[in-house]
Amino acid sequence: MTMTTEVVPPLAVAPPRHFLTLDAVGPEGLRALLDLTRRIKLEPGSIRNRLSGGRLGMIFHKPSTRTRVSFESAAWTLGMLPSVLRADELQLGRGETVADTARTLSLYLDAITVRTFAQAVVEELAAAATIPVINALTNEHHPCQALADVMTIEEEFGSLAGVRLAFVGDGDNVCASLIQAAGLGGFELRIATPPGYEPDPQILDAARSRAATTGGSIVLTDDPAEAVAGADAVYADVWTSMGKEAEGDARRLAFAGFRVDAALMARASRRAIFLHCLPAHRGEEVTDEVIDGPASRVWQQAANRLHTETALLYSVLTGDITGERLG
C-alpha cells in the first residue's frame with residue numbers, strides 16, 4: 001500500500017503597500033508577520049544587512065524614545081541608513097504641503113516612518129508618496145506598538161487563541177490598535193474606560209465584524225474590576241496622551257478609579273501578566289509594585305518593538321512577508 005502525504009501550500013499573503021493601521025495586514029498578514037518576527041528574533045543573522053544600501057526617513061512631530069530608537073536600530077540591522085527628520089528641520093514646518101514633502105522624500109528614500117498627531121497627515125503622505133509609509137504613531141492609531149504587544153502575549157501563552165486581555169484606560173490610539181489586533185488575532189479584549197473616553201465606534205464595529213470570523217471578541221465596560229476578572233493579561237496606558245496635556249486635571253479626576261495596582265491585578269488570572277506601552281506615569285495609571293513586579297512584561301514588550309519593526313520594514317520593502325527569501 002502506497003502512503004501519500006498531502007502537501008499544503010503556504011498561504012498567499014500580500015504584504016501591505018503602506019502600514020497606516022494594523023488592519024492593513026489582515027489576519028493572514030498578522031500571522032505571517034508574527035512568524036517572521038519570531039524567526040528574526042531567534043536567528044538575527046538571517047536578517048542582517050538584507051536591505052543594505054536602503055534609506056529610511058523618520059519624521060517626528062512628537063517626542064519619542066522607544067519608537068525612534070527601535071526603528072533606527074531596525075534600519076541599521078537591515079543595513080539601511082536611517083535619517084531622523086524633526087518638524088523644525090523640514091520645510092514642512094514652514095508651509096510646504098504634506099503632499100509635496102511626500103513627493104520630495106520619495107526621490108531620496110526607500111521608506112518613510114512618521115510619528116505625528118492627526119491620522120490624516122499619515123494618510124496624505126501615503127497618498128502622495130511613491131514609497132511605503134509606516135505609521136509610527138498618531139492620535140488615532142499605534143499599529144507598531146500593537147504588533148509588539150501581540151507578539152509578547154503569544155510568547156507568554158503560546159497562542160493568541162483563548163487569551164483574555166483587559167485594557168484599562170483611555171480608548172485612544174493604543175486601545176484602537178489593540179481593538180484591531182483582537183479582530184485580526186482572534187483573542188478576547190475587554191476594555192474598561194470612564195464614560196466619555198470610549199474607543200471610536202467605527203473602529204470597534206469593524207473589528208467586531210472581523211472578530212466574528214477569527215474567534216475574537218471585544219467587550220466594553222466602565223468597571224475595571226469587571227474587565228480584569230480572570231484576565232490573562234492586564235494592559236495600562238497613560239491617562240493623558242501627548243497633545244492632551246491641557247486636559248490633565250480633568251483626566252486625573254475621570255480616571256481616578258482606573259489605576260492598576262496590586263488589588264486590581266489580584267482579580268486577574270493567577271498566570272496574568274502586566275503590559276504597558278511606556279512611558280509610564282508611575283503612581284497614576286500603574287503602581288510601582290505592579291510595573292516592577294513579577295507579573296510585569298513591559299521590558300520584554302519594549303524589546304519586541306525592535307524585532308517586530310525589523311520584520312515590518314523587511315516585509316514592506318521586499319514583499320517577502322513570509323520570509324521565503326531568507327533561506
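Taken from CG in L92 to OG1 in T101, the straight-line distance is 4.0 Å, to the nearest 0.5 Å. The structure places CG of D172 at 11.5 Å from CG of D200, a figure rounded to the nearest 0.5 Å. How far CE of M80 is from CG of L313: 6.0 Å, rounded to the nearest 0.5 Å. For the atom pair CD1 of I203 and SG of C175, the computed distance is 9.0 Å after rounding to the nearest 0.5 Å. Rounded to the nearest 0.5 angstrom, T322 OG1 and R31 CZ are separated by 13.0 Å. Atom CG of L326 is separated from atom OG of S46 by 5.5 Å, given to the nearest 0.5 angstrom.
Across F19 and L147, no two heavy atoms sit closer than the pair CZ-CD1, 3.9 Å. Between A181 and F187, the closest heavy-atom pair is O-CE2, 3.4 Å. Closest of all the heavy-atom pairs between T221 and A227 is CG2-CB, 3.9 Å. For the residue pair S177 and P143, the shortest heavy atom distance occurs at OG-N, 3.3 Å. For the residue pair A182 and L189, the shortest heavy atom distance occurs at CB-CB, 3.8 Å. The two atoms that bring S217 and A211 nearest to each other are N-CB, 4.1 Å, heavy atoms only.
Looking at S70, its side chain does come within 3.5 Å of a backbone N or O of T67 through a donor-acceptor pair. Side chain of T318 to backbone of Y314: a donor-acceptor contact under 3.5 angstrom is found. Here the side chain of D110 pairs a donor or acceptor atom with the backbone of R55 at under 3.5 angstrom. At distances below 3.5 Å, not a single donor-acceptor pair connects side-chain atoms of S296 with backbone N or O atoms of G293. In this structure, S209 contributes its side chain and A206 its backbone to no donor-acceptor pair below 3.5 Å. Side-chain atoms of R251 come within 3.5 Å of backbone N or O of W239 as a donor-acceptor pair. In this structure a side-chain-to-backbone donor-acceptor pair under 3.5 Å is missing from R164 to R190.
Inter-residue side-chain proximity for F71 and C144 is flagged as met; some heavy-atom pair is nearer than 4.5 Å. In this structure the side chain of L178 reaches within 4.5 angstrom of the side chain of L165, judged on heavy atoms. With contacts defined as side-chain heavy-atom distances shorter than 4.5 Å, the pair V290/V234 does not qualify. You'll find the side chain of V114 stays beyond 4.5 Å of the side chain of F60, heavy atoms only. With contacts defined as side-chain heavy-atom distances shorter than 4.5 Å, the pair H141/L22 does not qualify. Side chains of T310 and L78 form a contact here, defined as non-hydrogen atoms less than 4.5 Å apart. The side-chain heavy atoms of T214 and L184, taken from C-beta on, include no pair separated by under 4.5 Å. Between E154 and V150 there is no side-chain heavy-atom pair separated by less than 4.5 Å.
A salt bridge does not link D35 to R39: none of the charged side-chain nitrogens sits closer than 4.0 Å to a carboxylate oxygen. Between R38 and E155 there is no salt bridge, since no side-chain nitrogen of the basic residue lies less than 4.0 Å from a carboxylate oxygen of the acidic one.
Residue pairs satisfying the ring-ring contact (aromatic ring centres under 6.0 Å, His included) criterion with at least one member in residues 153-181, sequence neighbours excluded, are listed as follows: F167-Y235. Residue pairs meeting the ring-ring contact (aromatic ring centres under 6.0 Å, His included) criterion with at least one partner in residues 99-133, sequence neighbours excluded, are absent. The side chain to side chain donor-acceptor pair (under 3.5 Å) contacts involving residues 253-275 comprise D232-R271, where partners must be two or more places apart or lie in separate chains. For residues 15-24, the pairs satisfying side chain to side chain donor-acceptor pair (under 3.5 Å) are D23-Q180, with sequence neighbours left out. Applying the salt bridge (Lys or Arg N to Asp or Glu O under 4.0 Å) test to every pair with at least one member in residues 298-313, sequence neighbours left out, gives these pairs: R305-E309.
Judged as a salt bridge (charged side-chain N to carboxylate O under 4.0 Å, His left out), and not counting sequence neighbours, the contacts of E89 are R86. For D288, the salt bridge (charged side-chain N to carboxylate O under 4.0 Å, His left out) criterion is met by R282, not counting sequence neighbours. A search for salt bridge (charged side-chain N to carboxylate O under 4.0 Å, His left out) contacts involving E284 returns R252, not counting sequence neighbours. Residues satisfying the salt bridge (charged side-chain N to carboxylate O under 4.0 Å, His left out) criterion with E123, sequence neighbours excluded, are absent altogether.
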Assess the residue pair M58 and E72 against the criterion (side chain to side chain contact (heavy atoms under 4.5 Å, CB included)); give the C-alpha distance rounded to whole Å, side-chain angles, the decisive distance to 0.1 Å, and a yes or no. CA-CA 8 Å; M58 302 165 58; E72 195 165 359; 4.2 Å; yes
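Crowding of R94 atom CZ: a count of heavy atoms from other residues, nucleotides or ligands under 6.0 Å not exceeding 12. Counting non-hydrogen atoms of other residues, nucleotides and ligands closer than 6.0 Å to CD of E245 gives a total above 12. A 6.0 Å sphere centred on CZ of R68 holds no more than 12 heavy atoms belonging to other residues, nucleotides or ligands.
Between the side chains of Q145 and N173, not a single donor N or O lies within less than 3.5 Å of an accepting N or O. When only modelled atom types and interatomic distance are considered, Q91 and D100 share no side-chain donor-acceptor pair under 3.5 Å. Side-chain N/O atoms of Q301 and D149 include a donor and acceptor closer than 3.5 Å. Between the side chains of T152 and R297, no donor-acceptor pair is found at a separation under 3.5 Å. No side-chain N or O of T193 forms a donor-acceptor pair with one of E198 less than 3.5 Å apart. Inspection of the K41 and N304 side chains reveals an N or O donor paired with an N or O acceptor under 3.5 Å.
In terms of hydrophobic clustering, with Ile, Leu, Val, Met, Phe, Trp and Tyr side chains grouped at heavy-atom distances under 4.5 Å, L20 and I134 are assigned to different clusters. By the rule that hydrophobic residues join a cluster once side-chain heavy atoms approach within less than 4.5 Å of another member, L105 and L317 end up as members of separate clusters. Note on L33: it clusters hydrophobically with V316, by side-chain heavy-atom contacts below 4.5 Å among ILVMFWY residues. Criterion: ILVMFWY side-chain heavy atoms under 4.5 Å apart, direct or through other members. Under it, V298 and L264 are part of a common hydrophobic cluster. Under a hydrophobic-cluster definition in which Ile, Leu, Val, Met, Phe, Trp and Tyr are linked whenever side-chain heavy atoms come within less than 4.5 Å, directly or via other members, V219 and F258 are assigned to different clusters.
Shown are V84, I112, T113, L109; of these, the side chain to side chain contact (heavy atoms under 4.5 Å, CB included) with L56 is made only by T113.
Residue V238 belongs to no hydrophobic cluster, having no ILVMFWY side-chain heavy atom closer than 4.5 Å to its own. Side-chain heavy-atom separations under 4.5 angstrom define the hydrophobic clusters, and L306 shares its cluster with no other residue.
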Side-chain donor/acceptor pairs under 3.5 Å, residues 272-281, sequence neighbours excluded:
{"residue": "H276", "atom": "ND1", "partner": "L278", "partner atom": "N", "Å": "2.8"}
{"residue": "H276", "atom": "NE2", "partner": "E285", "partner atom": "OE2", "Å": "2.8"}

